[in-house]
Amino acid sequence: MTENKGFSSNFGAIMAAVGSAVGLGNIWRFPYICGKYGGGAFLIVYLCFVFCIGMVLMMTEFVIGRRSQHTPVAAYPILRPDKKGWRYVGIFGMVTCFLILSLYLVISGWTLNYVVDAASGTLAQLDSSGLELHFKAFSESAVRPIVFLAVFALLTVAVILGGVQKGVEKVSKLMMPILVVLLVVLCVRSVTMPGASAGLDYLFKPDFSKLTGQGVLAALGQALFSLSVGMGVMIVYGSYIPRNDNLLKTSIWITVCDTLIALCAGVAIFPAVFSCGLEPTGGPGLVFKVLPTVFNSMNPSSGFMVGTVFSVIFFVLLSMAALTSAISLLEALVAWGSEYPNRKRSVSAIVLALCVVVLGGLCSMSVGGLSGVKVAGLGLFDLVDKLTAVYLPPLCALLTVAFIGWVMPAADIKDELSNHGTLKVGYFKAFYFLARYVAPLALLLVLVTGIVNG
Ligand code: TRP
């Protein structure tokens, strides 16, 4: 049993899980791939995957976590004591979390640096080619990105040291509502800019000709990443969910909130980008080069710098979203550490964070000074990126859902979902069918295609 009591309430559990789910994936990845693969057409596919596969995986993880009251490594053998080998699936998930976290913190450090650059007025003085150079010089420099990575790691550890209730839950309950308010402010500003409707068209107008096979696979990958499922983080959070919570309802809330926030992020970004006549791009290019140009265009030549205010709001929002996601990844690892006898939570948190900073630091340096060092033909940053974006998550998710569909006794799953028979679970057959056949097949397809396409 982990030494913490778990979340104090259903609301706290939902906010913590939404905090994990809402992150860089929602704000800098979703809007772009949605537009790229056919807007409304992509959205339909994405919603199907989110609710039929992503949410099934989330319920799967909650069932495993709450029933075993443990992290994945111990959970599988507790639920099937005759199949001890499943603990390696748990370890595999934890290793994947570690790799994701290393890269995630590098990018989170960038967002934090941009809060400072926005607030100090540095960004406001640069035109679009200046912003390009600024980003390149910053991300390739040896010291500054690592300092911000370390600061971000420190913030994450500080929350974890507060404990599950007074750290993770409290911070999520505080930050998620603020995030929604900031996002709404940005949305209103974006849609009221001249020519905003082109951005809304890009995001929402269905264009089935752009919806390729690749787009469909991207939709599934994005659904898993965005909901934080497949790696065991939600198993750990599941072990903190109160015993009398309805796991179906909780999962629906989290999934709906995550999806709405991703859509709002799109509305906050693309109308403004199109209004300024800029090209939609994805990832770092969008967030660190294109958006500052948009904000700068709001600044009048003299007087109050409106754009600067919006720019600070945006980067603060991004940093908060990244922080609550990073917390969940580190919390999963720390919870695993504290399952060993005589290992203190605080010591696990600090040691793990140091390891993450070292790997993250090396990833960061591989963009700049260490760019000559290649592993398997890739720089370290690209290698970890490829592993955590293409290969490991679908495999880990496949094994997790296979455990529920094929290994754990159906009666136990039903017992857990129904809170020992006190709730009606009329949906059980549909859930079991999705977990046993649909989700594993879809994940297998993603995995095989990922491997074939390299
Ligand atoms: N869901 C987060 C995002 O959208 C990232 C994340 C947090 C995550 N925890 C995770 C992804 C666990 C996979 C597994 O940015």
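Order of appearance sets the numbers: ligands from 1, and atoms from 1 within every ligand.
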Undergrad: Over 60° means perpendicular and under 30° means parallel, so classify the ring planes of Tyr114 and Phe315, tilted if in between.
TA: tilted
Undergrad: Sequence neighbours left out, cut at 3.5 Å: what donor-acceptor pairs do the side chains of residues 443-454 make with other protein atoms?
TA:
{"unit_1": "Thr449", "atom_1": "OG1", "unit_2": "Leu445", "atom_2": "O", "d": "2.3"}
{"unit_1": "Asn453", "atom_1": "ND2", "unit_2": "Thr449", "atom_2": "O", "d": "3.4"}

Undergrad: Taking only heavy atoms of Ser328, which atoms of ligand 1 are found under 4.0 Å from at least one of them?
TA: 7 (C), 9 (N)
Undergrad: Just jot down the ligand 1 atoms closer than 4.0 angstrom to any heavy atom of Ser325, in number order.
TA: 2 (C), 7 (C)
Undergrad: What atoms in ligand 1 come closer than 4.0 Å to a heavy atom of Val233?
TA: 12 (C)
Undergrad: Against heavy atoms of Asn26, which atoms of ligand 1 measure under 4.0 Å?
TA: 4 (O)
Undergrad: With heavy-atom distances below 4.0 Å as the criterion, list the atoms of ligand 1 near Leu24.
TA: 15 (O)
Undergrad: Can Phe30 and Tyr46 be said to form a ring-ring contact (aromatic ring centres under 6.0 Å, His included), step by step?
TA: CA-CA 10 Å; Phe30 173 82; Tyr46 178 76; 5.0 Å; yes
Undergrad: Set out, in order, the CA-CA distance, both residues' side-chain angles and the distance that settles ring-ring contact (aromatic ring centres under 6.0 Å, His included) for Phe314 and Phe310, then state yes or no.
TA: CA-CA 6 Å; Phe314 177 79; Phe310 281 114; over 10 Å; no
Undergrad: Would you sort out whether Phe92 and Trp86 count as a ring-ring contact (aromatic ring centres under 6.0 Å, His included), showing the intermediate values?
TA: CA-CA 10 Å; Phe92 178 47; Trp86 276 87; over 10 Å; no
Undergrad: At under 4.0 Å between heavy atoms, is it the side chain or the backbone of Ser228 that contacts ligand 1, or both, or neither?
TA: both
Undergrad: Excluding sequence neighbours, so at least two apart, what forms side-chain contact (heavy atoms from CB on, under 4.5 Å) with Ile44?
TA: Phe208
Undergrad: Out of Arg29, Met234, Met231, who is nearest to atom 14 (C) of ligand 1 when you count heavy atoms only?
TA: Met231
Undergrad: Return the closest protein heavy atom for atom 4 (O) of ligand 1 as residue, atom name and distance.
TA: Ala21 O, 3.0 Å
Undergrad: Purely on distance, is any nitrogen or oxygen of Phe225 under 3.5 Å from one on ligand 1?
TA: yes
Undergrad: How long is the straight-line distance from CZ of Phe7 back to OG of Ser9, given to the nearest 0.5 Å?
TA: 9.5 Å
Undergrad: Return a yes/no value for Gly25: is any of its N or O atoms, backbone included, closer than 3.5 angstrom to an N or O of ligand 1?
TA: yes
Undergrad: To which protein heavy atom is atom 15 (O) of ligand 1 closest, and what is the distance rounded to 0.1 Å?
TA: Tyr104 OH, 2.7 Å
Undergrad: Please give me the minimum heavy-atom distance between Cys363 and Val384, naming the atom from each residue.
TA: SG-CG2, 3.9 Å
